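Bear in mind that the values here come from a model prediction, so they are computed numbers and not experimental data.
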Amino acid sequence: MWNNEFFGDIVEGYTLIGYNLQPMLEYHFTSQIKAKMGVRLTQYSGLDKYTDCLPAYSVTWHTDKLAVTMGNISGASFHRLPDPVLNRERQLINNYENGMQVVYNTNTIFADVWVDWQEFIFHGDNKKEEIFGGLSVQWEPIKTDRLEFELPASLCIYHKGGQIDTDTSNMKLIYNVAAGFRLSALNSGFVNKVTVGTQLIGYKDNSPTPESLYGSGWGWLSDVRLTHNTSYLSVGYWYADKYLAAQGSPMFQCQSYDAGKNQPKRNLITCEANLSKNVTNYFTMALIACGYYDTKKSTFDYTYAFTMILQPDFTLWRKW
């Protein structure tokens, strides 16, 4: 249950309530090769039909540090992108990503390279292919019992085009880049971790015939977070100058759903309380409240949500 009470000029309020169900069977051919197959179902409360009923499948080759997957890939929050680049609500409504992914993960480096093929076309289709992909890296050069220092960076590309379609609209090519740091102090008190983070985020419409409201722009995202176990409280600031993102949260962009109310520059003070509880190793509940105060418009938008995540994983049969 995710309720957006939005009253400003950028995005209208709406409510997401329902469930995602994705049962999967997984078979290990060897210690390094596995395949998954199942189905993805999405239903919103108040509808008597599924909005998604899709096959789910993947094949993965992996070592201790490297994994290569084709088919359904790990998406949404797995990419570790900031909300202005990739909308966090995709974890609820659109984390069904298909394509190819390469992940390199060690104690100090996380690197995720992926292609999500969102719209496929055949010859003569009256629509364009759509692809979203990129590179997300998180390097942690300092990691001790008392201090953690992380350097996140990312490059994302959205492409809408193709050569075999009959759609006469112009091709789109949108870039988003981000880079920054996170510094965390750890202790044994009630507040386990105090984190200060900041990222500089850029946007560029590199289409042959740009049609976006702004050709380029940028934003600055920063926050302070207090963490207790799996729960946290954060306060942040967002400044944007003609910033857009094809897959980012609309709350952080400079374009309004009402063309007459666009804001070339935005100043937001943000806050979030996330109370999360791992009831078991496969069941998590979370109560979330977020606020967004627009200092230019003096408007306050907010979100409150309750989520339950059930992810049991058990062996049905073992050959050896």
Worksheet item: With sequence neighbours left out, which residue pairs that include part of residues 17-26 fulfil the salt bridge (Lys or Arg N to Asp or Glu O under 4.0 Å) condition?
Response: Glu26-Lys36
Worksheet entry | Where His79 and Ser74 come nearest, the two heavy atoms and their spacing | CE1-O, 3.3 Å
Worksheet entry | By salt bridge (charged side-chain N to carboxylate O under 4.0 Å, His left out) - contacts of Lys143 (at least two apart) | none
Worksheet item: Are side-chain N/O atoms of Glu5 and Tyr14 paired as donor and acceptor at under 3.5 Å?
Response: no
Let me have the donor-acceptor pairs involving side chains of residues 310-319, under 3.5 Å, with sequence neighbours excluded, atom names and distances please.
none

Discussion item. Under a plain distance cut-off of 3.5 Å, with no hydrogens placed, do Gln43 and Tyr19 share a side-chain donor-acceptor pair?
Written reply: yes
Worksheet entry | Lys/Arg cation over aromatic Tyr232: Arg225, 6.0 Å, 45° cone | yes
Worksheet item: For Asp294, what residues pass the salt bridge (charged side-chain N to carboxylate O under 4.0 Å, His left out) criterion, not counting sequence neighbours?
Response: Arg266
Worksheet item: Where the side chain of His228 meets the backbone of Phe190, is there a donor-acceptor pair that is under 3.5 Å apart?
Response: yes
Fill in: Ring geometry between Tyr304 and Tyr302 (parallel below 30°, tilted from 30 to 60°, perpendicular above 60°)
parallel
Discussion item. Side chain to side chain contact (heavy atoms under 4.5 Å, CB included), that's the test. Do Tyr96 and Asn72 meet it? Break it down for me.
Written reply: CA-CA 7 Å; Tyr96 181 86; Asn72 290 130; 3.5 Å; yes
Worksheet item: If we ignore angles and hydrogens, is there a donor and acceptor under 3.5 Å between the side chains of Asp167 and Ser169?
Response: yes
Worksheet item: What residues form a salt bridge (charged side-chain N to carboxylate O under 4.0 Å, His left out) with Glu148, not counting sequence neighbours?
Response: Lys193
Item to complete: Specify whether Trp220 and Tyr237 have parallel, tilted or perpendicular ring planes, treating 30° as the upper limit for parallel and 60° as the lower limit for perpendicular.
Response: perpendicular
Worksheet item: Between Asn4 and Thr303, is any side-chain donor less than 3.5 angstrom from a side-chain acceptor?
Response: yes
Worksheet item: Tell me, which pairs form a salt bridge (Lys or Arg N to Asp or Glu O under 4.0 Å) where one or both residues lie in residues 228-238, sequence neighbours left out?
Response: none
Fill in: For Tyr243, the option from Tyr214, Trp238, Trp218, Phe252 that meets ring pair (Phe, Tyr, Trp, His ring centres under 6.0 Å)
Trp238
